[in-house]
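Working notes, beginning with the structure itself.
Every chain is numbered from 1 and lettered A, B, ... according to where its sequence line falls, protein lines coming before strand lines.
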Amino acid sequence: MKIATWNVNSLRVRLPQVLDWLAVNPVDALCLQETKQEDCAFPHAELAAAGYQSVHAGQKTYNGVAILARSELREVSRGVAGFDDHQQRLITATLDTAQGPLRLVCTYFPNGQEVGSDKYDYKLRWMAALTDTLRQELANTDRLALLGDFNIAPEDRDVHDPAAWKDKILCSVPERSAFRQLLELGLNDAFRLFEQPEKSFSWWDYRMMGFRRNLGLRIDHILLSQNLKDHCVGCQVDKTPRRLERPSDHAPVVAELTL
DNA sequence: ATGTCTCAGGGACTGAGA
């Protein structure tokens, strides 16, 4: 089976691209971020017509996360447990596979804006709360995948110009430490389980012809619990949708599991 | 290069967020 994540930067704008992508890439589950719409506007029917059930935690204008899947999504929960948050950044659901249940956690980490800002502080507090929640989830299951836009480039090799980005937002030491805390829960970066091309990224700024010049960062990730890591046979960034007209600034990331 | 894109308010453009 295949699972994927894609920050679409407005599902209202990008729904046709999502449907086109799913037609070519019929993944078993797709996590979306930055849907930027309320639950009542979410296109459940259009996605169902394409063969996907969907669950959504949305809000007007900003944020918003969704999970699409070819079969039933159950035990759906929204938000980070114990963290009072008006921003819709987390949705969790269970998907049944031939070899048992798979817990899918779809996430949109805060951007943080600038190191030292209030939004940066919120990002670090949000990540600490997420880590606590996942520790509890992992006590209940050994088949958990955390997929989404983490807004963190974990290492210098995930950055087109590490010197320019040193200690900047998305690359700062505290953000990278928080990312490592997630790995220390027993999660594994699916992308790094395999040999990858140099300068592989998942996001490119719309400005400065960032994509054409490959001025990117790898900030969209799929983290797998130990059991799922042992079943993972591939992980790639699909740059195809980033080449379309009116693209999202992010590309999808896909992992293949022998489940 | 304060560079691009999306959204909301209000009804043309500006500001916020990324």
Side-chain angles (χ1 to χ4, degrees), chain A residues 5-21 31-43 46 56-66 79-80 83 85-91 106-127 130 147-154 158-161 163-172 174-176 178-179 201-221 237-253:
Chain A
T5 181
W6 190 6
N7 180 325
V8 290
N9 186 17
S10 171
L11 187 57
R12 197 187 312 275
V13 174
R14 234 68 70 185
L15 179 61
Q17 292 188 18
V18 170
L19 293 172
D20 288 349
W21 189 82
C31 294
L32 301 178
Q33 300 85 38
E34 290 207 83
T35 57
K36 298 190 177 181
Q37 61 190 189
E38 294 181 293
D39 288 344
C40 58
F42 191 83
E46 290 90 334
H56 182 231
Q59 66 185 96
K60 206 181 195 184
T61 316
Y62 302 119
N63 310 312
V65 285
V80 179
F83 190 81
D85 196 356
H86 300 295
Q87 304 186 26
Q88 301 294 339
R89 299 185 171 279
L90 197 82
I91 189 164
C106 171
T107 183
Y108 174 49
F109 282 37
N111 172 282
Q113 196 167 51
E114 191 181 348
V115 174
S117 67
D118 288 350
K119 292 194 176 81
Y120 182 75
D121 180 60
Y122 162 72
K123 181 177 191 172
L124 295 178
R125 288 187 292 108
W126 189 92
M127 286 189 283
L130 174 67
L147 309 90
D149 176 359
F150 288 55
N151 271 314
I152 299 175
D158 302 311
V159 181
H160 69 93
D161 185 346
W165 282 84
K166 183 176 163 56
D167 297 326
K168 297 289 196 301
I169 197 67
L170 316 183
C171 301
S172 73
E175 289 168 274
R176 287 178 167 178
F179 184 88
F201 309 123
S202 67
W203 169 85
W204 301 260
D205 199 302
Y206 283 123
R207 296 170 288 186
M208 301 188 301
M209 295 188 291
F211 182 69
R212 265 195 278 172
R213 299 163 65 197
N214 200 29
L215 307 181
L217 302 180
R218 192 177 70 93
I219 57 177
D220 300 88
H221 307 296
V237 177
D238 180 4
K239 289 162 75 171
T240 314
R242 192 63 175 78
R243 298 190 181 99
L244 298 172
E245 292 218 9
R246 262 192 122 186
S248 169
D249 43 352
H250 296 253
V253 182

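The main-chain N or O of His250(A) is found under 3.5 Å from a side-chain atom of Trp6(A) such that the two form a donor-acceptor pair. Checked by atom type and distance alone, the side chain of His56(A) never pairs as donor or acceptor with a backbone atom of Thr35(A) at under 3.5 Å. A donor-acceptor pair under 3.5 Å is formed between the side chain of Ser202(A) and the backbone N or O of Ile219(A). Between the side chain of Gln59(A) and the backbone N or O of Gln88(A) there is at least one donor-acceptor pair closer than 3.5 Å. Although no hydrogens or angles enter the test, the distance criterion places no donor-acceptor pair under 3.5 Å between the side chain of Gln33(A) and the main chain of Tyr108(A). Between the side chain of Tyr120(A) and the backbone N or O of Ile169(A), no donor-acceptor pair lies under 3.5 Å. The backbone N or O of Asn63(A) lies less than 3.5 Å from no partner atom in the side chain of Arg89(A), so there is not a single donor-acceptor pair.
Taking atom P in both dT6(B) and dG10(B), one finds a spacing of 22 Å when rounded to whole Å. Here, dG3(B) and dA8(B) have their C1' atoms 23 Å apart, quoted to the whole Å. dG15(B) and dA1(B) have their P atoms separated by 22 Å, given to the nearest Å.
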N/O-N/O pairs, protein side and nucleotides 15-18 of chain B side, under 3.5 Å:
residue : atom : partner   : partner atom : Å
dG17(B) : OP2  : Lys119(A) : NZ           : 3.3

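Using a 4.5 Å heavy-atom threshold, the side chains of Leu130(A) and Phe83(A) count as separate.
We find that CZ of Arg242(A) is positioned 10 Å from C1' of dC5(B), with the value rounded to whole Å. Between the P atom of dT6(B) and the CD atom of Gln59(A) lies a distance of 18 Å, rounded to the nearest Å. Distance, Arg12(A) CZ to dT6(B) P: 12 Å, rounded to whole Å.
Using a 4.0 Å cutoff on non-hydrogen atoms, the parts of residues 208-216 of chain A near DNA chain B are Met208(A), ordered by number.
Dashed line: the shortest gap from a side-chain N or O of Arg14(A) to OP1 or OP2 of dC5(B) is not under 4.0 Å.
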